[in-house]
2 protein chains.
Amino acid sequence: MLRIVAITGMPGAGKSTAAQALVRLGWTRVVMGDVIRAETKRRGLEPDAKNTGEVMKLLRKEKGESAVADLCLEAIGKTKADKVVIDGIRSMAEVEVFRKKATVLLVAVDASPERRFELLKERGRKDDPLTYEMFVERDRRELGVGIGKAIALAEETVSNQHATPDRLATEIVEVVGQWEKNVGA
Amino acid sequence: MLRIVAITGMPGAGKSTAAQALVRLGWTRVVMGDVIRAETKRRGLEPDAKNTGEVMKLLRKEKGESAVADLCLEAIGKTKADKVVIDGIRSMAEVEVFRKKATVLLVAVDASPERRFELLKERGRKDDPLTYEMFVERDRRELGVGIGKAIALAEETVSNQHATPDRLATEIVEVVGQWEKNVGA
């Protein structure tokens, strides 16, 4: 039976740090944002914040709210992995897609807007916001597709407000370990 | 200067347990739901889940998204307290109302739907859901007024997924103590 740890959280909250902690335990990581960035490039566009946002909206318009989740499921099928961590859940519609195919634990990684902006500046990925206005705009876009509901309905929440990367890793590993015991590892 | 700890979280997550921990330290608690329940009674209706939900919607329709927050500010003014914990933030519009009058820390208390349903059954307040269907419907109503965004944009998150009431109390007291140090207690 396929197990999925589905990680949600606002931009910069620490989703990837949490996901990578599970990768070190043998989980396979699938990044929802990578699917969107790949699709953005495929359409001949630079994968910056604006274009990836637009392509995400287009994908949802063309193929429905679960479009990105469907593409992820294809990617998972190819890996043949039975323990997968999905990095970057943006809506409950996506979670429902995964629940049809797997036992799913929905985990939210949280941090304040101020801290997330700092963490994003440290990261400096191509699609990361350069100014606070761009950051607020990106938050608004994510909230617009329903990420707030996914965070509110998460089964586990891990705070990255005061955590070091090591502490965040320890917490997610504990939470997932407990869940695996409960569902019968 | 007025300080407000604004507590948000889905129904049953443990907001009141967290708020009461601050009351024991001398904070004054104002419950947003009490304002709605009082208004429901004032309109001659039984304050059950359905009626309080309807009155909340009516209040927002009549006086805008911040209607309940405005009523709370009135209540705070009467108490003359300078450290207030607001129990039951439902939208960022409400947070903005408080930010105009106070230094605000927005805290989310989180727990899974399954755990929240159990906690609500234990509590058994008049407006608490009796069945899982009613529970899901109440979640939907809260998410409809934007509580997901408030949870996603919280400055601090405290998980009540595995905590005892004592542990939850300790965590919120720590978080608020740290914040008071930072803003200059």
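Below, all heavy atoms of this structure are taken into account, side chains as well, without hydrogens, waters or symmetry copies. Lettering follows sequence order; numbering is per chain, from 1.
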- Distance-minimising heavy-atom pair for B:G148 and A:A152: CA-CB, 4.2 Å
- Message: Side-chain heavy atoms nearer than 4.5 Å, only ILVMFWY residues, links allowed to pass through others: does that put A:V30 and A:L25 together?
- Response: no
- Query: In terms of hydrophobic clustering (I, L, V, M, F, W, Y; side-chain heavy atoms under 4.5 Å; direct or indirect links), are A:V173 and A:I4 co-clustered?
  - Reply: no
- Query: Quick one: do B:I36 and B:L143 end up in the same hydrophobic cluster if we chain Ile, Leu, Val, Met, Phe, Trp and Tyr together by side-chain heavy atoms under 4.5 Å apart?
  - Reply: yes
- Heavy-atom side-chain contact between A:E156 and B:D110 under 4.5 Å: no
- Message: Is A:A111 in contact with chain B via its backbone, its side chain, both, or neither, using a 4.5 Å heavy-atom distance?
- Response: backbone
- Item | From A:Q161 atom CD to B:E155 atom CD, the distance as rounded to the nearest 0.5 Å | 8.0 Å
- Message: Rounded to the nearest 0.5 Å, what separates atom NZ in A:K149 from atom CD1 in B:I147?
- Response: 12.0 Å
- Message: Can you tell me which portion of B:R116 sits under 4.5 Å from chain A's heavy atoms? Options are side chain, backbone, both or neither.
- Response: side chain
- Pick from B:I151, B:T157, B:D139, B:V175 with the largest number of heavy-atom pairs that fall under 4.5 Å of chain A: B:T157
- Query: Would B:V31 and B:L106 show up in the same hydrophobic cluster when neighbours are defined by side-chain heavy atoms closer than 4.5 Å?
  - Reply: no
- Query: For residues B:Q178 and A:H162, is any side-chain donor paired with an opposing acceptor at under 3.5 Å?
  - Reply: no
- Message: For residues A:I7 and A:M56: do they belong to one hydrophobic cluster (side chain heavy atoms under 4.5 Å, members Ile, Leu, Val, Met, Phe, Trp, Tyr)?
- Response: no
- Hey, is CD on A:E114 packed in by over 12 heavy atoms from elsewhere, all under 6.0 Å? no
- Student check: side-chain heavy atoms of B:L153 and A:P113 closer than 4.5 Å: yes
